[in-house]
Amino acid sequence: MNREYHCWYSPHLGRDMELLVFGHAGAKVLAFPTRDGRFYEYENLGIVHALSEKIDNGHIQLYCVDSIVSDTIYCPWLHPADRIQRHIQYEEYVLNEVMPLMANKNPHPCTIALGCSLGAYHAANIAFRHPHLFQKLCAFSGRYDLTMGVDHFQNLFDNYYDENIYHNTPSHFLPQLDCDWRLQHLRKMDIVFAIGKEDPFLENNRHLSHILWLKGIWHALHEWSGRAHRGSSWREMMPLYV
């Protein structure tokens, strides 16, 4: 299997950023790690191995990006307005640095946003905000409203709210979305969610699903038995849905 390590200084983030590439051809998969995960998490969790047949056969090529959530939404000493602003800078890094690398390396017309847990939020948020750039979304065990407190998961913005948080909360901005151009791209996107029936984020997934149906956006919501919020479950989901 082709494996590449890349590292460069990001002008959007003002720091070095690392990523791994797996595969040589096929649909480009932009893979976001979990909250505590790094760019090598998919390899360590065995997810790359679970997808090895598709990777080796040239069906998909994984681009595993790093996370900076300790500088953004999980940075408690930073004001919430600055947390979401740093998150926006991270999105700019992905859009203007990572995705051009993907396009230069691989001309395949399909780009997939993929993530597990908090990575599912990143994948869904960027795909819903920029639907013309993605043909598929695979989001597993995600929470799509970071202002929502549930179980032991708190509001990540400490009850602060502004326009930037609104525009980066899919279950908030999608109900008001009335741009025909964006809706057309969303309706053409292949969207797959998977969530455990005992996952605390289940109702948030169902709520987001309801919003998408009201907008005429076809998608699949798969509910797995148990909590299914762990590497072993994601290894099973990957070959089925990616």
Query raised in the report: Distance-only, no hydrogens or angles: does the Arg129 side chain make a donor-acceptor pair with backbone N or O of Asn168 under 3.5 Å?
Result: no
Requested in this report: Indicate yes or no for a side-chain donor-acceptor contact from Gln176 to the backbone of His172 under 3.5 Å, with no hydrogens or angles considered.
Outcome: yes
Requested in this report: Using a 4.5 Å cut-off on heavy atoms from C-beta on, say whether the side chain of Asn164 contacts that of His87.
Outcome: no
**Report entry** Hphob cluster co-occupancy, Leu20 + Tyr42, side-chain heavy atoms under 4.5 angstrom
**Finding:** yes
Requested in this report: Indicate yes or no: at least one non-hydrogen side-chain atom of Phe134 is less than 4.5 angstrom from one of Leu30.
Outcome: yes
Requested in this report: Test Arg35 against Tyr121 for side chain to side chain contact (heavy atoms under 4.5 Å, CB included), laying out the working first.
Outcome: CA-CA 10 Å; Arg35 183 184 78 180; Tyr121 160 78; over 6 Å; no
Requested in this report: Look only at the side chain of Arg143 and the backbone of Ala120, and say whether a donor-acceptor pair between them is shorter than 3.5 Å.
Outcome: no
Query raised in the report: Does Leu186 reach the side chain of Leu174, with side-chain heavy atoms less than 4.5 Å apart?
Result: yes
Query raised in the report: Just by distance, do the side chain of Arg38 and the backbone of Pro33 share a donor-acceptor pair under 3.5 Å?
Result: no
Query raised in the report: How far apart are the C-alpha atoms of Gln184 and Arg187, what are their side-chain angles, what is the distance that settles it, and do they pass the side chain to side chain donor-acceptor pair (under 3.5 Å) test?
Result: CA-CA 5 Å; Gln184 288 175 11; Arg187 289 167 183 154; over 6 Å; no
Report task. Identify the heavy atoms of Glu18 and Cys7 that sit nearest to each other, and give their distance. Result -> CG-SG, 3.8 Å
**Report entry** salt bridge (Lys or Arg N to Asp or Glu O under 4.0 Å) partners of residues 150-171, not counting sequence neighbours, each pair once
**Finding:** Arg83-Asp158, Asp151-Arg227
Query - Lys136 side chain vs Ala27 backbone, donor-acceptor pair below 3.5 Å - result: no
Query raised in the report: Do Ile126 and Ile68 sit in the same hydrophobic cluster, where Ile, Leu, Val, Met, Phe, Trp and Tyr count as joined when their side-chain heavy atoms come under 4.5 Å apart?
Result: yes
Query raised in the report: When you measure from the side chain of Lys188 to the backbone N and O of Gln135, does any donor-acceptor pair fall under 3.5 Å?
Result: no
Report summary line: For Trp218, the hydrophobic cluster (side chain heavy atoms closer than 4.5 Å, chained through members) also holds Trp213
Query raised in the report: Do other residues, nucleotides or ligands put more than 12 heavy atoms under 6.0 Å from the NE2 atom of His49?
Result: no
Query raised in the report: CD of Gln154: more than 12 outside heavy atoms within 6.0 angstrom?
Result: no
Query raised in the report: Got a sec: does the CD of Gln85 have more than 12 other heavy atoms crowding it under 6.0 Å?
Result: yes
Query raised in the report: Can you list the steps and then say if Asn204 with Val150 is a side chain to side chain contact (heavy atoms under 4.5 Å, CB included)?
Result: CA-CA 10 Å; Asn204 182 234; Val150 59; over 6 Å; no
Requested in this report: Please check if Leu95 and Val69 belong to a single hydrophobic cluster, counting links between Ile, Leu, Val, Met, Phe, Trp and Tyr side chain heavy atoms closer than 4.5 Å.
Outcome: yes
Requested in this report: Describe, in one word, how the ring planes of Phe193 and His219 are oriented to each other, choosing from parallel (under 30°), tilted (30 to 60°) and perpendicular (over 60°).
Outcome: perpendicular
**Report entry** Glu97: side-chain contact (heavy atoms from CB on, under 4.5 Å) partners, not counting sequence neighbours
**Finding:** Trp8, Ser10, Pro11, His12, Tyr93
Report summary line: Between Asp66 and Tyr90, the two heavy atoms sitting closest are O-OH, 2.6 Å
Report task. Could you walk me through whether Arg206 and Glu223 pass side chain to side chain contact (heavy atoms under 4.5 Å, CB included), step by step? Result -> CA-CA 10 Å; Arg206 289 175 173 173; Glu223 297 185 8; 2.9 Å; yes
Expected list for residues 101-116: side-chain donor-acceptor pairs under 3.5 angstrom, two or more places apart:
| unit_1 | atom_1 | unit_2 | atom_2 | d |
| --- | --- | --- | --- | --- |
| Asn104 | ND2 | Pro100 | O | 3.2 |
| Lys105 | NZ | Glu4 | OE1 | 2.8 |
| Lys105 | NZ | Glu4 | OE2 | 3.2 |
| Asn106 | OD1 | His108 | N | 2.8 |
| Asn106 | ND2 | Gly26 | O | 2.9 |
| Asn106 | ND2 | Gln61 | OE1 | 2.8 |
| His108 | ND1 | Cys110 | N | 3.1 |

Query raised in the report: Does any non-hydrogen side-chain atom of Val65 lie less than 4.5 Å from one of His122?
Result: no
Query raised in the report: Residues in side-chain contact (heavy atoms from CB on, under 4.5 Å) with Ala124, at least two apart?
Result: Phe128, Leu137, Tyr144
Report task. Output, in order, the C-alpha distance, side-chain angles, deciding distance and verdict of side chain to side chain contact (heavy atoms under 4.5 Å, CB included) for Met1 and Ser52. Result -> CA-CA 8 Å; Met1 180 187 298; Ser52 60; 3.8 Å; yes
Query raised in the report: Would a 4.5 Å heavy-atom cut-off, applied to side chains only, mark Ile195 and Leu221 as touching?
Result: yes
Query raised in the report: Any side-chain heavy-atom pair from Tyr63 and His6 closer than 4.5 angstrom?
Result: no
**Report entry** Residues that His132 engages under ring-ring contact (aromatic ring centres under 6.0 Å, His included), provided they are two or more places apart
**Finding:** Trp181
Query raised in the report: Heavy atoms, side chains only, cut-off 4.5 Å: are Met238 and Phe140 in contact?
Result: yes
Query raised in the report: Tyr40 side chain to Cys64 main-chain N or O, any donor-acceptor pair under 3.5 Å?
Result: no
Requested in this report: Please answer whether the main-chain N or O of Phe201 pairs with a side-chain N or O of Asn205 as donor and acceptor at a distance below 3.5 Å.
Outcome: yes
**Report entry** Note, Met237 side chain near His222 side chain (heavy atom, < 4.5 Å)
**Finding:** no
Query raised in the report: Between CD1 of Ile84 and CZ of Arg86, what distance do you get to the nearest 0.5 Å?
Result: 13.0 Å
Query raised in the report: If we ignore angles and hydrogens, is there a donor and acceptor under 3.5 Å between the side chains of His229 and Asp199?
Result: yes
Report task. If the plane angle is over 60° it's perpendicular, under 30° parallel, otherwise tilted; pick one for Tyr160 and His79. Result -> perpendicular
**Report entry** Any donor-acceptor pair under 3.5 Å from Arg235 side chain to Leu45 backbone
**Finding:** yes
Query raised in the report: With distance as the sole test, does Glu41 use its side chain to make a donor-acceptor pair with the main-chain N or O of Thr34 at under 3.5 Å?
Result: yes
